[in-house]
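Here is the structure we will look at.
Below, chain A is the first sequence line, B the second, and so on; all start at residue 1. Note that the structure is a prediction, hence the values are computed from the model and not measured.
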Protein chains: 2
Amino acid sequence: MKKDTSRKTITESDVAKHAGVSQSAVSRAFTPGASISPKTREKVIKAAEELGYHPNLLARSLVTNRSNIIALAISYLENPFYAQVVRELSQKLRESDRHILLFSAPDGNQPDPDLEKVLRYQVDALILTGTKASPDLKDQCRKAGVPIVQINRKSDLSGISTVCGEDFEAGQIIAQHLLDGGHKRFAYIGGTEGSNTSRIREEGFRDALAKAGIKDVMVRYGANKFEAAAIAVRELLDSKMPPDAIFCASDYMAFAAMDVARNEYGLKVPEDVSVVGFNDVPDASHAAYNLTTYSQPAGALVDEAVKLVDELIENPSKRAQRREVPGELIIRTSSRQKAA
Amino acid sequence: MKKDTSRKTITESDVAKHAGVSQSAVSRAFTPGASISPKTREKVIKAAEELGYHPNLLARSLVTNRSNIIALAISYLENPFYAQVVRELSQKLRESDRHILLFSAPDGNQPDPDLEKVLRYQVDALILTGTKASPDLKDQCRKAGVPIVQINRKSDLSGISTVCGEDFEAGQIIAQHLLDGGHKRFAYIGGTEGSNTSRIREEGFRDALAKAGIKDVMVRYGANKFEAAAIAVRELLDSKMPPDAIFCASDYMAFAAMDVARNEYGLKVPEDVSVVGFNDVPDASHAAYNLTTYSQPAGALVDEAVKLVDELIENPSKRAQRREVPGELIIRTSSRQKAA
DNA sequence: CTGAAAGCGCTTACAG
DNA sequence: CTGAAAGCGCTTACAG
């Protein structure tokens, strides 16, 4: 009668016994570049397969100090830009056999309390986007030697590296595009008031407008969310002198702007009002919106962020970095190109 | 001169020394319900804070056989329904101090090779949605005692538990709604040909139509993606007898259908063609679409999935379960309600 | 190239 | 309630 072994965890020792080698040999068979003869490795691999052995990465991490786990703290997952960041990051990390441990932050501008527990998982790095780390967490991470990289938001905390798009220049370029289109009354819908990224885009936008003699820009915040952006747009369109050009700090909010303008106010886009977004998410090119937007591809941001993470892991004493990823204006049909 | 201790990992032993207690006492201080005096616990907590100690969950998992990590394998993250699953699951799991290790599968119907490595992370369970496990992985998980729960897709593999909506009934109800609206020519856009969920919705749809004497249903597949769905819709609308009612197996594909119908074919929705979706994602209620859809909230599916996971962890010998989560038809303005 | 041994940071009987 | 000790599954000098 066979003993039921179905529930027992198979370890290196089990494989070693089965293959007739030492437990260290089994370890070496699963360590790329380790000193082991091909013959022994083969024996081990065969035994491992027969037994259904899986190396325990968590046990390994205990001694290597590498978990191959990268924490990703993120919010606004319903916003397609952020969803894309998750996809691209996951894809990128698998090249190096690493995986994402997800901390989905509640929206808002305050740090997620749950994230304070991130260090318990011995993550190799922490990547943030659409949310922020508490000053305390930042200190803890520094002490623990865990690099933090923020995507798409410049940090107020020194010591946190960031990867962003060319926010200021993008704001300028968009303003110029709208000026060229003959628009007269400009509005900006930012993410949240506390966001530096949102602020810098606004500054670029205002800068170019000011140079053209335009000081007046209506400003609202849409919290990177659809409904909140819709409310902001209604406020703008309800005003005495409604804008004929709206720049939204994210495509998702731009979608809300177009929906509200068309369906609730009967306005034509771009004849009555032009709408410009930011990010160039996949949905932006769909016929329903065909949105003029500043391309800031999640893929490029993520690639740079991972590169930065690896540099910081490699060289923990390296100073925090600020990197910019170039983008470009994508002109589609949601913005007028000639004077009205 | 102080020694630089900034990069050294703080362990229980360090805290123990600092607090003047044994290392086991430190462990107990961090174990809810452990036998320890309040006074000792306080001392330990204080020392831990002073030192910046974080319990190492991976080390703990080595002895408890619980990692508090749940693997989530998912694809179609650009589809808002799946993004919502991520959010809801993450939210739900934090109640029990667990977190998601993400395996973002490339789209398509074949299992993700990267997922084969999931067991190395000693995850407590594997949740799948929009993707599937290889038969081999299924076996490995069973052997390792790691439960698998699939959301929103009935498995062809026995031994995998599933949590789905009422797909058949939903198909019937939608058909009836469209019949009541006086529609004559019906089309169905499924996810992928291999998906049971998609097939079952179609069967329900056909069943109710057949009872009304309608045998003819045009069928296309949109791969749960926007562009692929758009192509499918063009095929339908280009045909000699284009449908006046299109049921899409997901809201996201329904958005594509509405966009194509309106913008490329100049059709009015619902006057010329009605469109019905599935899921009731947040965007479905936006003015641009205001989509009639079958509500199958990600939150409810996720809650049931976690409940199931916990039951299976608790009782590993339990048979695979099939659970259905009830939904309801949400009638908005993308479908006609009276005979044309 | 190989094996025996120490040690990574924890939990948990065990004895007191 | 407390501490000393064993052990979870690995990697990595060390000696051969």
Side-chain angles (χ1 to χ4, degrees), chain A residues 7-45 47-48 51-69 97 117 119-124 144-145, chain B residues 7-45 47-48 51-69 97 117 119-124 144-145:
Chain A
R7 197 104 305 149
K8 180 77 184 58
T9 327
I10 314 285
T11 72
E12 279 183 348
S13 303
D14 299 321
V15 178
K17 204 171 300 167
H18 195 71
V21 299
S22 74
Q23 178 253 7
S24 352
V26 178
S27 172
R28 292 191 181 103
F30 283 95
T31 307
S35 149
I36 186 174
S37 75
K39 213 176 67 188
T40 312
R41 162 170 280 136
E42 255 172 58
K43 266 198 301 192
V44 170
I45 299 296
L51 262 38
Y53 168 71
H54 302 275
N56 182 332
L57 248 47
L58 307 193
R60 162 188 296 189
S61 80
L62 212 51
V63 21
T64 61
N65 267 313
R66 286 279 171 274
S67 61
N68 281 1
I69 298 175
D97 262 320
K117 292 178 185 155
L119 287 174
R120 302 184 170 200
Y121 287 98
Q122 314 300 114
V123 298
D124 292 340
Chain B
R7 196 107 303 147
K8 180 75 185 62
T9 326
I10 315 285
T11 71
E12 279 184 348
S13 304
D14 300 321
V15 178
K17 205 171 300 166
H18 194 72
V21 298
S22 74
Q23 177 253 9
S24 354
V26 178
S27 172
R28 292 191 182 101
F30 283 94
T31 307
S35 150
I36 186 173
S37 75
K39 213 176 66 189
T40 311
R41 160 169 281 134
E42 257 171 56
K43 266 198 301 192
V44 171
I45 298 297
L51 262 37
Y53 168 71
H54 302 277
N56 182 332
L57 247 47
L58 307 192
R60 163 189 294 189
S61 80
L62 212 51
V63 20
T64 61
N65 266 313
R66 285 279 171 274
S67 61
N68 281 0
I69 298 175
D97 262 320
K117 293 179 185 157
L119 287 173
R120 302 186 171 197
Y121 287 97
Q122 313 299 113
V123 298
D124 292 341

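For A/R28, the side-chain atoms get nearest to D/dC14 when compared with the rest of D/dG9, C/dC10, D/dC14. Of the candidates C/dA5, C/dA13, C/dT2, C/dT2 carries the atom nearest the A/I36 side chain, counting heavy atoms from C-beta on. Listed nucleotides C/dT2, C/dC10, D/dC1 differ in distance to B/E12; the shortest reach to its side chain belongs to C/dC10. Of the candidate nucleotides D/dG3, C/dC8, C/dG3, C/dC8 has the atom nearest to the side chain of A/V63.
Using a 4.0 Å cut-off, no side-chain N or O of B/Y121 falls inside it from OP1 or OP2 of D/dG9. For B/S22 and D/dT2, the shortest distance from a side-chain N or O to OP1 or OP2 is not below 4.0 Å. Look at A/T64 and you won't find any side-chain N or O under 4.0 angstrom from OP1 or OP2 of C/dC8. Between A/T40 and C/dC1 there is no side-chain N or O to OP1 or OP2 distance below 4.0 Å. Between D/dT11 and A/S27, a contact under 4.0 Å exists linking OP1 or OP2 to a side-chain N or O.
Across all strands, A/F30 comes closer than 4.0 Å to no nucleic acid atom at all (heavy-atom distances). Nucleic acid contact class of A/S24 (heavy atoms, under 4.0 Å, all strands): base. Note on A/S35: a base of the nucleic acid sits closer than 4.0 angstrom, heavy atoms only.
Across every non-hydrogen atom of A/I10 and A/G52, the tightest pair is CG1-O, 4.0 Å.
Following rounding to the nearest Å, A/L57 (CG) and D/dG9 (C1') show an atom-to-atom distance of 12 Å. Rounded to an integer number of Å, the gap from B/N56 CG to D/dC10 C1' is 13 Å. The CD atom of A/Q23 sits 14 Å away from the C1' atom of D/dA13 (whole-angstrom rounding). The nearest whole Å value for the distance from the OH atom in B/Y53 to the P atom in C/dG9 is 10 Å. Following rounding to the nearest Å, B/R60 (CZ) and D/dG9 (C1') show an atom-to-atom distance of 18 Å. Look at CZ on A/R66: it is 14 Å from P on C/dG9, rounded to the nearest Å. D/dT11 atom C1' lies 15 Å from atom CG of A/L58, rounded to whole Å. Rounded to whole Å, the distance from CG on B/L62 to P on C/dC10 is 12 Å.
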Open item on the list: Evaluate B/L62 against A/N56 for side-chain contact (heavy atoms from CB on, under 4.5 Å), listing each step before the verdict.
Closed with: CA-CA 9 Å; B/L62 212 51; A/N56 182 332; 3.8 Å; yes
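Once rounded to the nearest 0.5 Å, the distance linking OG1 of A/T11 with NE2 of A/H54 reads 13.0 Å. Between atom OG1 of residue B/T9 and atom CG of residue A/L119 there is a gap of 11.0 Å, rounded to the nearest 0.5 Å. Distance CG/A/L57 to CZ/A/R66: 13.0 Å, rounded to 0.5 Å. To the nearest 0.5 Å, atom CD of residue B/Q23 and atom CZ of residue B/R28 are 9.5 Å apart. Note that CD1 of B/I36 is 10.5 Å distant from CD of B/E42, once rounded to the nearest 0.5 Å. Expressed to the nearest 0.5 Å, how far CG of A/N68 lies from CD of A/Q122 amounts to 13.0 Å.
Between B/N65 and B/R41, the one whose closest nucleotide on DNA chain D sits nearer the 5' end is B/R41. Remark on DNA chain D: of its neighbouring residues A/T31 and B/V21, the 5'-side contact belongs to B/V21, judged by nearest-heavy-atom nucleotide.
With a cut-off of 3.5 Å on both pairing distances, the Watson-Crick and G-U wobble pairs of DNA chain C assemble into stems of 3 or more at C:1-3 with D:14-16, C:5-12 with D:5-12, C:14-16 with D:1-3.
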